[in-house]
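These notes concern the structure reproduced below.
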Amino acid sequence: MITLQAAVTGALVGGLYALMAAGLSATWGVLRVINLAHFGLILIGAYLTYQVATSWGLDPIATLLVSAPALFVAGALLQGAYDRLGVAGFNSLLMSFGLLIVIIQIATNIWTADFQRIAPELNRYATGGLPLGRLILPTPALIAFSFAVVLIGGGYIALQRTFVGRGMRAFAEDRNVAAAFGIDHRRLGLLLGGLSGVSAAVAGMVFALSNSITPTTPYEWFGTVFAVVILGGVGNLLGTLVAGVGIGVLSGLVSVIWSPSTEPFMLFLAVILALLLRPQGLFRTAGAQ
Amino acid sequence: MSALGPMGRGLLGLLGTAVVLAMLGIFSEDLGLSQYLLVLVATILFWTTQATSWNLLSGFAGYFSFGQGAYVAVGAYSTAVLTGRHGVNFLYSIPVGAALGGLLALLIGMVAFRLRGLRGEIFALLTLAVPFILAAYARITDWVDGGQGTTIPLPNYPEWIADFQHLMFLLNLAVATLAVGLALGVHRSRLGRGLAAIHDAEDAAEVLGVPTFRYKMMAIVLGGVLGGAGGAIFALQIGFVAVESVFNLTIPLFVIIMSVLGGRTHWLGPVIGATLIVTLQDRLAAGGLSAWSAIIFGGLLALLVVAASDGLYSRVRANPWPTLGAGVGVAAVVLVTGTVETVTALLYGMLAATAVAIGAGLLRPARASAASASDASTMDDEALPRPTPVPASEGPLVACEGVSRYFGGVRALEDVSLTVDRGEIVGLVGANGSGKTTLVNLLCGAMRPTRGTIRIGGRPTAGTAAHRIAHAGVARTYQIPKPFASMTVHDNVAMAVMFGRDNARLPVARRVAARHLATVGLSRLADAYPSTLNLHQRQLLEMARAIAADPTVLLLDEALAGLSPAEIDDAVTVIRSIHDSGISIVIVEHLLRVVRGLATRVVVLDHGSVIADGEPAAVLSDPAVVAAYLGRQRA
């Protein structure tokens, strides 16, 4: 029973991993930008939720009204800069590492290095849950999962059905051919960067609902999130969702069967397995550039 | 010119610098040098060790690591556990730290470099995860840390060392000298050449005979050893080792910035970077701007990627006098007119020099080509090693028996048997996707067959690395040329001589290379860089490099694709002369005119199977071949 509960909770928490990974995976897959600064955007999203909820007494989910547009602009500007400077692939990893450090230091200067958490009286989502038979679906995890399904599912449908989405897929397949057929990579990049900014806002909000925030928190996400991105297949949104849930179940089970402290090792193992089993999942396009 | 080579001069300069620094340190009180300066230089030396350790793999071979903190932490915890908890003399914990750092590097390398198709980005992400895993382990493991941290008592030291800071200075100096000396040795050796080739084009390096896996392992382990030794001393310096103090992203950030700023391809680069960054950080702290230093350094890294990714060393090298002049001038002016400290003046000098070096590079981005005119052709040709005589064994040079290769469900090759005999030119033809390039990849060892055996000179190649197959006498060219971009045309070919069957040293290899360049008609471009060559010239460079490996069999993979008719005729002449020198050739080609003219035998592949093998004229008029090649409608 405890095991089943852990698996279900883990699956729901996996929604948060998927949310964090989705934006990263999309810009990596389509624009060839490995944007470590995305973790910084998630951090800023979490802090914005904390700040707006605390200062204005707004419902934590409603803080998205502030953080989503702000991070849309930030994400778009970031992609615009990468595109303008012609930074992609390995250089983007390096450059965004520098930017991540900058963002974390700015967050430290504003919010200090102490742990910050939304006060319980302002946050009605932190506790409680939805009973399902003898199982309980914890509210924050349920929220994470619902947002992940809506956002990632919506993104997937948009990619399949809309004109812009087809453009992005074409661009991911072969950027030169796509450009030759009149796809404007600059606008596409701005839009995709902005949308991944929005996903960062949502991921940050969900994280802030049930966790304390400190500027160095993003480092703890690295392992899990990259495992999700790679397992799911770079640029593959539905894959990200599946991988996120899978890893959530894995860490949930590991924490009850062994102990929570073994979790990082299992995740590290997951990364290595991801690399061993799915190296071809990286960069689906091959051949001439 | 002195009798010493560049390596000897470098080592002499390094040792001289180290001795002078040691003397200045030991007698600093008598010379009136401040303790503050001693600590600053010790910090520079610590970071020089770390940046150099990082640079061995990540700079020379191009596999960027975000995991430098892991080596520092392993070293630091060696001191914490041995010296801090069990009272072992620190002189023992430093080598233990070095050994454990090396061991960790070995493990990382064993996992990472065994992965097929490992990309630089994936290696970087993998190394990013390592320190966090180790941190989690340290936090929950009581005999290592357990979350409380460890205090390290002040170490004992001999009387001739004035105080603790002097001890730290001397220890850091010793390890930094060792690190830079090693980097210099690597840079000037076969290992360094091989790592540079891996950096430029790893696949091509492997099939030319560079043992890429072994070289990468050597670089990563050396880096781990140095990082661990530096970390063990770092623990003494900080006096209290806790998870937060040794596992943080400052270490990878700093070593990456230092090496990128200084220059990754030269051993001196990290030294320059460490000096500049540590001084800058020190001045920022003195100016009360500590909270901004991470922002400044993070921003600097982002900026460097865009503006000067090749680093200061090569920029200074290109404009030594203006740079030096600006540096010394500004430092002197600030020192004379201002009321600032000496270190601040020095920093201004360094920043001015940096600005001039980067600015000059931006204004004049064209690469100054190496001017040393090669007089290799006038050298005594008789002194050069002759091609290794082909062992007069019986039987075919290359033999495939029932070879199949599947990619997932795709059957690229199915039950292929063929031989290549001495003196032949085998034309390998077939429609696109018929498996020609896969066959070439199998023959040169870049891929392994799913089933079947391949024999080179009678010996089965199962489980043999591609560079060993190169040594057995198989060389290849790539349809899309893969030159070593950081080396001249001449050195591209010399690389192949060095790592081919002759195992020649660089000066000899350069002379042999000149002969091969003459064979393909590229002598006048010997000092050019590959980026300035056109496709035809790059293909000729591919051929020169391949024959420089001294093969018995040369695999030409669509070496004529995309060439103009005149260029094709030229290339055909070159191929003939290569064949006349005694090398058997397998040529993959679509142009039947060329195949008919050159080949002594033709093998036709269709959907992964051999459908014809024999005399060119007979095979090419075979109705089945015509059907497979031209399409069934026209047959």
Side-chain angles (χ1 to χ4, degrees), chain A residues 28 32 34 36-37 40 81-82 84-87 89-106 108-109 215-216 218-227 229-230 234 259-265 267-272 274-276 279-280 282-283 287-289, chain B residues 58 62-64 66 69 108 111-112 114-126 128-137 139-141 147 244 247-250 252-254 256-257 260 290-307 309 407-408 479-480:
Chain A
W28 188 352
R32 303 283 187 275
I34 309 173
L36 288 181
Y82 291 138
R84 181 117 238 174
L85 299 169
V87 176
F90 192 78
N91 278 341
S92 67
L93 186 61
L94 208 56
M95 183 170 172
S96 61
F97 180 59
L99 294 178
L100 174 65
I101 302 272
V102 171
I103 293 174
I104 285 176
Q105 186 60 46
I106 290 176
T108 315
N109 290 1
T216 50
Y219 302 147
E220 293 162 20
W221 302 333
F222 279 168
T224 323
V225 171
F226 276 113
V229 170
I230 291 163
V234 174
S259 90
S261 54
T262 50
E263 227 183 282
F265 307 111
L267 290 176
F268 187 56
L269 204 66
V271 177
I272 292 182
L275 290 168
L276 284 173
Q280 80 281 13
L282 315 164
F283 297 120
Q289 288 243 350
Chain B
S58 303
Y63 277 92
F64 263 55
F66 286 108
I108 297 175
V111 173
R114 283 283 177 212
L115 294 176
R116 287 241 145 202
L118 176 87
R119 287 164 184 274
E121 300 93 57
I122 300 303
F123 180 76
L125 294 179
L126 204 66
L128 192 58
V130 174
F132 295 107
I133 305 306
L134 290 179
Y137 178 76
R139 218 174 264 130
I140 59 169
T141 313
E244 288 71 25
F247 289 103
N248 55 54
L249 282 185
T250 317
L253 173 72
F254 266 45
I256 291 173
I257 291 188
V260 172
S290 291
W292 290 92
S293 64
I295 295 180
I296 290 170
F297 289 125
L300 188 65
L301 176 60
L303 199 72
L304 279 172
V305 171
V306 181
S309 59
F407 296 101
Q479 179 180 359
I480 297 164

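Side chains are part of it too, since the values below use all heavy atoms of this structure and drop only hydrogens, waters and symmetry mates. Keep in mind that what you see is a predicted model, and the values were worked out from it rather than measured. Chain naming here is simple, since letters A, B, ... match the order of the sequence lines and numbering starts at 1 in each.
B/V306 has its side chain within reach of A/M95: a pair of non-hydrogen atoms, C-beta onward, lies under 4.5 Å apart. Counting heavy atoms from C-beta outward, A/F226 and B/L126 have side chains that stay 4.5 Å or more apart. Residues B/L301 and A/F97 are in side-chain contact: their nearest non-hydrogen atoms beyond the backbone lie under 4.5 Å apart.
In this structure, chain A has heavy atoms under 4.5 Å from both the backbone and the side chain of B/I295. In this structure, the portions of A/N91 lying under 4.5 Å from any heavy atom of chain B include both its backbone and its side chain. B/F64 touches chain A through backbone and side chain together, each having a heavy atom under 4.5 Å away. For B/I140, the part lying near chain A is the side chain, with the backbone staying farther off; criterion is any non-hydrogen pair under 4.5 Å.
With sequence neighbours excluded, no residue forms a side chain to side chain donor-acceptor pair (under 3.5 Å) with B/T141.
A distance of 10.0 Å separates CG of B/L253 from CG of A/L100, quoted to the nearest 0.5 Å. With values rounded to the nearest 0.5 angstrom, B/L303 atom CG is found 9.0 Å from A/L85 atom CG. Distance CZ/B/F66 to CG/A/L36: 6.0 Å, rounded to 0.5 Å.
Taking B/P252, B/A124, B/G298 one by one and counting their heavy-atom pairs under 4.5 Å with chain A, the maximum is reached by B/G298.
The two atoms that bring A/V102 and B/A294 nearest to each other are CG2-O, 4.4 Å, heavy atoms only.
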